[in-house]
Protein chains: 2
Amino acid sequence: MGTVRKALGLLDILAHPDSRYGLTEMARLSGFDKATTRRLLLELKADGFVEQDEGTRAYLLGPALLMLGRAREERFPFFKIAQPTVRALAESSGETSHVSEYVSGAMASICAQESDKSNRVIVQVGERLPLHATASGLAYLAASMDAFVDAALRKPLPQFSANTITDPDALWTILSNARSRGYVECDQLRADGVFSVGAAIVSPKGAPIGAVAVALPSMRADAEKIAEIGALTAAAATEISTRLFGKTGGTQRIRKI
Amino acid sequence: MGTVRKALGLLDILAHPDSRYGLTEMARLSGFDKATTRRLLLELKADGFVEQDEGTRAYLLGPALLMLGRAREERFPFFKIAQPTVRALAESSGETSHVSEYVSGAMASICAQESDKSNRVIVQVGERLPLHATASGLAYLAASMDAFVDAALRKPLPQFSANTITDPDALWTILSNARSRGYVECDQLRADGVFSVGAAIVSPKGAPIGAVAVALPSMRADAEKIAEIGALTAAAATEISTRLFGKTGGTQRIRKI
DNA sequence: GGGGTAAGGTTCACTATATGAACCTATGGT
DNA sequence: ACCATAGGTTCATATAGTGAACCTTACCCC
């Protein structure tokens, strides 16, 4: 396995929202030897991708990541464009909403706005959401080419909750419903008691980039509420898609997809 | 040299504000062989750190960087806290202002707000500013320990403009003036016709993290204006420092430095 | 439309680099 | 004073990285 990918894997571990890992724990989580882990972390640290808490010696994500993330935002302002829509969606739906971008096999949560209700779903920025068990992931798949979906569903599909669907055919049914409806429904596939609704953010060519989703306690998720939030979510996804790539049909494209 | 650092160096090249580099140019800029460059880029691409424009084949910064940058912001909201202050400073000073964070030997520009004057200085987010020739860098050094400054000034100091100072002793003079004044003045050290003023953002322990700076055309930089902007800049740096780490003297510290 | 050029991409023998078991060191708890 | 735990280091071995030379594709110019 390439050394570079091992190092990048360490960054993923550090992205976990509540990580405060020392060397030994990093080695355990990554599966690498302690010496290897340390050498990789030092290389990352030398370029500012990782920094170390002086007191606890815990490894943290470093300033280079902020800089590079900002540099990317300069050319493709995904966060800047998505954030206002996510806030508006949380407001209009009354529930926690968030935006994620597809990153190598999972959806990376970029921006979240919690509901102000006391019983609400919490979404952590930096979480990687699995494709087959979240509204964001299924929305992304629903907007993808069949061959891509097939490949994704052929991989091992972990079970997260009692309701997690790991049968590709059953997942295909959900996706085809979503395609005709314009948004995907996700009934406690990853966590008990959480219902979510999602819609894909797509490039002008129709390739999906990411997704918008709203998550609510399933006790509040009656059919009427779901339909209402579904429409809002689909509209939010369209709005972000349009603002990202310029008016539909326009030639002012930021990047080709 | 470690393979990981080579790969990370490629990301730095891609961070250049107007980069649109293909494989050959990446190889030339990095100094690696074309085959090596490509292998590294593919590894970065596999984890979403790089993506490739389908049309031009140019390599671009990938979505993983946005995700990790956002994950870091969750725990240490540098950008979120700095941005309003930068905007206010651009407003009150009437000139372009920006914030940068120290990243392995240089200042990485994180957030900029241009002046609304027609003759103004432009600062690119993602630029890496040298320590010895910018207000941001010199402000950072002025807030650093002497031993650190010594080490930084002993390295080769490139000449950027006619006014660039490469003599450590002369730079020490600037720094000691800055220390007594509370802000640093930078008279066309990196670019002809650009005067800038900077102040360091510091942790409660006094360790510098980054800097705030205002840059203006030197023809507008008379002594009175400089003193005025210097005071505003120093105040902005203090404001960011305080908001980043909680009220001074408080124990609610986000990270130890 | 043919022929030249330049860029992207690939191969494989060679070599530098990464690896990890065993080790040392520092710190905190009892 | 002792043990337990975590951070950090060493060096012989094994693995992964390297780059000169090669192929392929796309475009430009006559």
Side-chain angles (χ1 to χ4, degrees), chain A residues 1-16 18-62 75 104 205 207 251 253 255-257, chain B residues 1-16 18-62 75 104 205 207 251 253 255-257:
Chain A
M1 186 204 204
T3 318
V4 174
R5 299 201 61 189
K6 291 185 195 171
L8 300 181
L10 294 177
L11 293 178
D12 253 14
I13 294 172
L14 293 174
H16 285 158
D18 41 351
S19 74
R20 273 208 154 264
Y21 304 138
L23 174 60
T24 305
E25 198 146 20
M26 286 299 292
R28 189 179 58 77
L29 290 168
S30 63
F32 309 142
D33 183 90
K34 214 169 38 156
T36 299
T37 307
R38 185 170 142 78
R39 198 174 34 77
L40 295 175
L41 285 168
L42 287 185
E43 286 201 79
L44 291 166
K45 190 174 165 184
D47 279 329
F49 285 70
V50 155
E51 58 190 343
Q52 202 169 8
D53 186 303
E54 292 290 330
T56 66
R57 312 255 78 198
Y59 294 93
L60 309 168
L61 295 178
R75 291 130 144 287
S104 59
K205 285 187 180 168
T251 51
R253 218 173 279 154
R255 64 170 185 183
K256 297 178 190 165
I257 296 281
Chain B
M1 188 206 202
T3 317
V4 174
R5 298 202 62 190
K6 291 185 194 171
L8 300 180
L10 293 177
L11 293 178
D12 253 14
I13 294 172
L14 292 174
H16 285 159
D18 41 353
S19 74
R20 273 211 153 261
Y21 304 138
L23 174 59
T24 306
E25 197 146 22
M26 287 298 294
R28 190 179 57 77
L29 290 168
S30 63
F32 309 142
D33 183 89
K34 214 169 37 154
T36 300
T37 307
R38 185 170 143 79
R39 197 174 35 75
L40 295 175
L41 285 168
L42 286 185
E43 287 202 79
L44 291 166
K45 191 175 165 183
D47 279 331
F49 284 70
V50 155
E51 58 190 341
Q52 201 170 7
D53 186 303
E54 291 291 331
T56 65
R57 313 255 79 197
Y59 293 94
L60 309 168
L61 295 178
R75 294 131 143 284
S104 58
K205 285 187 179 168
T251 51
R253 220 174 278 155
R255 64 170 188 184
K256 298 179 190 165
I257 296 283

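Quick note on labels: first sequence line is chain A, next is B, and so on, each numbered from 1.
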Next on the checklist: Whole angstroms only, please: what is the CZ-C1' distance between B:R28 and D:dG19?
Outcome noted: 19 Å
Checklist entry - Between C:dT17 atom P and B:R5 atom CZ, what is the distance in whole Å? => result 14 Å
Item to check | Whole-Å gap separating P (C:dC23) and NZ (A:K34) | outcome: 13 Å
Checklist entry - B:L23 versus B:R57: any side-chain heavy-atom pair under 4.5 Å? => result no
Item to check | B:K6 side chain near A:V4 side chain, heavy-atom distance below 4.5 Å | outcome: no
Each nucleotide N or O in nucleotides 18-21 of chain C that has a protein N or O under 3.5 Å away: list the pair and distance.
| residue | atom | partner | partner atom | Å |
| --- | --- | --- | --- | --- |
| C:dA18 | OP1 | B:T3 | N | 2.9 |
| C:dA18 | OP1 | B:T3 | OG1 | 3.1 |
| C:dT19 | OP1 | A:K6 | NZ | 2.5 |
| C:dT19 | OP2 | A:R39 | NH2 | 2.2 |
| C:dG20 | OP2 | A:T36 | OG1 | 3.4 |

Item to check | Pairwise side-chain contact, B:S19 with B:I13, heavy-atom cut-off 4.5 Å (strictly under) | outcome: no
Next on the checklist: So for the helix from C:dG1-D:dC30 to C:dT30-D:dA1, with five pairs setting each end axis, what is the inter-axis angle to 10°?
Outcome noted: 50°
Checklist entry - Would you say D:dT25 has OP1 or OP2 under 4.0 Å from some side-chain N or O of B:R57? => result no
Item to check | Non-hydrogen side-chain atoms of A:L11 and A:L8 separated by less than 4.5 Å | outcome: yes
Next on the checklist: Are B:Y59 and B:L44 packed together at the side-chain level, in the sense that at least one heavy-atom pair is separated by less than 4.5 angstrom?
Outcome noted: no
Next on the checklist: Distance check needed: C:dG9 P versus B:E25 CD, whole Å only.
Outcome noted: 14 Å
Next on the checklist: Measuring only between side-chain heavy atoms, which start at C-beta, is B:T3 closer than 4.5 Å to A:E43?
Outcome noted: no
Checklist entry - Just how far, in rounded Å, is P of D:dG17 from CG of B:L41? => result 14 Å
Next on the checklist: Whole angstroms only, please: what is the CG-C1' distance between B:D53 and C:dA7?
Outcome noted: 15 Å
Checklist entry - Base, sugar-phosphate, or nothing for B:Y59, non-hydrogen atoms under 4.0 angstrom? => result sugar-phosphate
Checklist entry - Nearest to the side chain of A:L23, which nucleotide is it out of D:dG8, C:dG8, C:dG9? => result D:dG8
Checklist entry - Listed by chain and number, what are the salt bridge (charged side-chain N to carboxylate O under 4.0 Å, His left out) partners of A:R38, not counting sequence neighbours? => result none
Checklist entry - Looking at the side chain of B:R38, which of C:dG8, C:dT10, D:dG8 is the nearest nucleotide? => result C:dT10
Checklist outcome for this item: From CE of B:M26 across to C1' of C:dA7 the rounded distance in Å is 15 Å
